[in-house]
Amino acid sequence: MPDSTIQQIKDRLDIVEVVSSYIKLEKTGINLRAACPFHGEKTPSFFVSPTRQMFKCFGCGESGSVFDFVMKMEGIEFGDALRLLARKAGVQLPDYHPEIQTKKNRLYEICETSCLFFEKQLHSSNNGQQVLKYLAGRGLTEESIKKWRLGYAPDQWRSLSDFLVGKGYRREEILEAGLAVASEKGGDSYDRFRGRIIFPVFDLNSQVVGFGARVFEKPGEKAEKGAKYINSPATPLYDKSRVLYGLNFAKTEIRRNDQCILTEGYMDVILSHQAGFANTVAASGTALTNLHLKTIKRYTNNLLMAFDADAGGDAATTRGIDLAIGEELNVKVILMPKGLDPADVISQNPEQWAKLIESAQEIMSFYFETALNRFDAALPSGKKQIAQFILPYLKKISNAIVRSHWAQKLADILQVSEGAVLEEMARIETGNDNSIGSYAPACPPSVVKTEAKSRGALLQERLVSLVLNYPSGLDFIDQASLELFSSNGAKEIVKTLKSRPVESPESAQAICQELSGRDKEVEGFLGDVLFWSEVQPSEDGFAEIQLC
């Protein structure tokens, strides 16, 4: 790939805009700062420099250009990052280059071609016309159907597979993309999705990576037996434990509103966006995971959960609350009318959906509401069941005043004394000593393991950066001190500066720039040091960054 093409992509893209599509950045001086997405930390030590078009984490040491960031975040090769960023930059890549024809690239092409096939079937086939009428009856507009690229899978065994083979793709690739199923009796594989409404699943860059599919009952006919919804399996492109449906369209609104609405289904998300709540997403084809919540936390700390008003929905909400608190998110619950999901509510009355969001309840209010819906507070057995349900959560409240408030409310509902409630609560074993507001994660957080730089390496970077900002400090570094540097980059930079007249920070940096390109180790060290020198003078909270 010509260097000119790569440079053209870099020139057209702002690293701040690209990084902001993944994590929430805060302005600090001339740079932007965030908690590092590559290692676990509480004090933000990840910086992005608009002037240098570089990123750098002073905690784990990760740094580089916009290409390095996307490769690291997406877990992809350079060719895939090149194709992704070229598309974002509007740069046309040459027709064929081996370095960009990776396996993932082929799978992206298969998913995109399949999506176009399903869209064509929806708008051109007789059955597709019936599906369009059904979708319109559910309240979807033509604009939403087009935006979300909904489609229809013909009720035939190999219509998609044969179409893709005709386009030059191998059946093995179609299987790997999750669009076909291997035949148990041998012979050709067959289509995974047949006679179903298709919901493409997108990655953050709106590339199709998988599909969800809802069974479609034709008028006067019974649908084929099977699950109402089926989804793509895990593939090299699609990890359902990480992908959130709708996040490609929602990420900007989530950041703007500083709030994310989490629902259960595809229709919930589409209709919520259509109703003006574009900060809505859903777990994609699986139960909510810690990885989903970590993704949400890149954009906001505030989560509103809106799961179906049934036993399954209550269980999903309760489990989701525990996971979300474990990720230190601020959680509220949107209480759904009995028997309805968000899509039902929005279809009937979008204004009611707005009111439900506005009246989202705190966690304990949700638990009380759930218990009172399940059990009869008028019966002794019901009172016992309500207490058994609520008391474990009540005991986890760390603040004594807040805990007393809810204990009094429970006592009033059960028509017993607060002392009786507290006595019974004392007998409850919570299984851990975590408290609401300070839960430990339900499972250990998954972070990308990056070998952190040693304290000595970071201190050398910091020392040289101080010399760049305060050149008079060169006088304190004698030959003996110079030999203490273990980094060849540090030695070369300091030796070069000491051999030349340095009148100001600007002249120091100009001299250092002359070293670029001579030695990869020196150049890498220099890049980190220049970042340090740029960040250090203007950062009020810079001292909080731990050199460890």
Distance (rounded to the nearest 0.5 Å) between Asp203 CG and Cys111 SG: 10.0 Å

Side chain Arg192, main chain Gly178, donor-acceptor under 3.5 Å: yes

Qualifying residues under side-chain contact (heavy atoms from CB on, under 4.5 Å), relative to Leu175, sequence neighbours excluded: Ala180, Ala182, Ser189

Side chain to side chain donor-acceptor pair (under 3.5 Å) partners for Thr295, two or more places apart: none

Distance-only donor-acceptor pairs under 3.5 Å for side chains of residues 349-356, two or more places apart:
unit_1, atom_1, unit_2, atom_2, d
Asn349, OD1, Glu351, N, 3.1
Trp353, NE1, Ser272, OG, 3.1

Pairs involving residues 139-149, ordered by first then second residue, that meet salt bridge (charged side-chain N to carboxylate O under 4.0 Å, His left out) (sequence neighbours left out): Glu112-Arg149, Glu119-Arg149

Side chain to side chain donor-acceptor pair (under 3.5 Å) contacts in which one or both residues fall within residues 406-417, not counting sequence neighbours: Gln408-Asp412

Beyond-backbone contact of Leu135 with Ile145, side-chain heavy atoms, under 4.5 angstrom: yes

Partner set under side chain to side chain donor-acceptor pair (under 3.5 Å) for Asp239, not counting sequence neighbours: Ser241, Arg242

Distance in Å, Lys104 NZ paired with Leu107 CG, rounded so as to fall on 0.5 Å steps: 9.0 Å

Atom CD of Glu17: over 12 foreign heavy atoms under 6.0 Å: no

Any residue meeting side chain to side chain donor-acceptor pair (under 3.5 Å) with Asp258, in chain and number order, not counting sequence neighbours: Lys24, Thr300, Asn302

Other residues, nucleotides, ligands: >12 heavy atoms within 6.0 Å of Lys332 NZ: no

Residues that Tyr266 engages under side chain to side chain donor-acceptor pair (under 3.5 Å), provided they are two or more places apart: Asn231

Partners meeting side-chain contact (heavy atoms from CB on, under 4.5 Å) with Met71 (sequence neighbours left out): Phe78, Ala81

Between Asn301 and Glu328, a side-chain donor and acceptor under 3.5 Å: no

Residue list, salt bridge (charged side-chain N to carboxylate O under 4.0 Å, His left out) with Glu418, at least two apart or on another chain: none

Side chain Thr28, main chain Asn31, donor-acceptor under 3.5 Å: no

Sequence-distant partners of Arg87, side-chain contact (heavy atoms from CB on, under 4.5 Å), two or more places apart: Gln207

Residues which pass side-chain contact (heavy atoms from CB on, under 4.5 Å) with Thr252, listed by chain and number, not counting sequence neighbours: Arg256

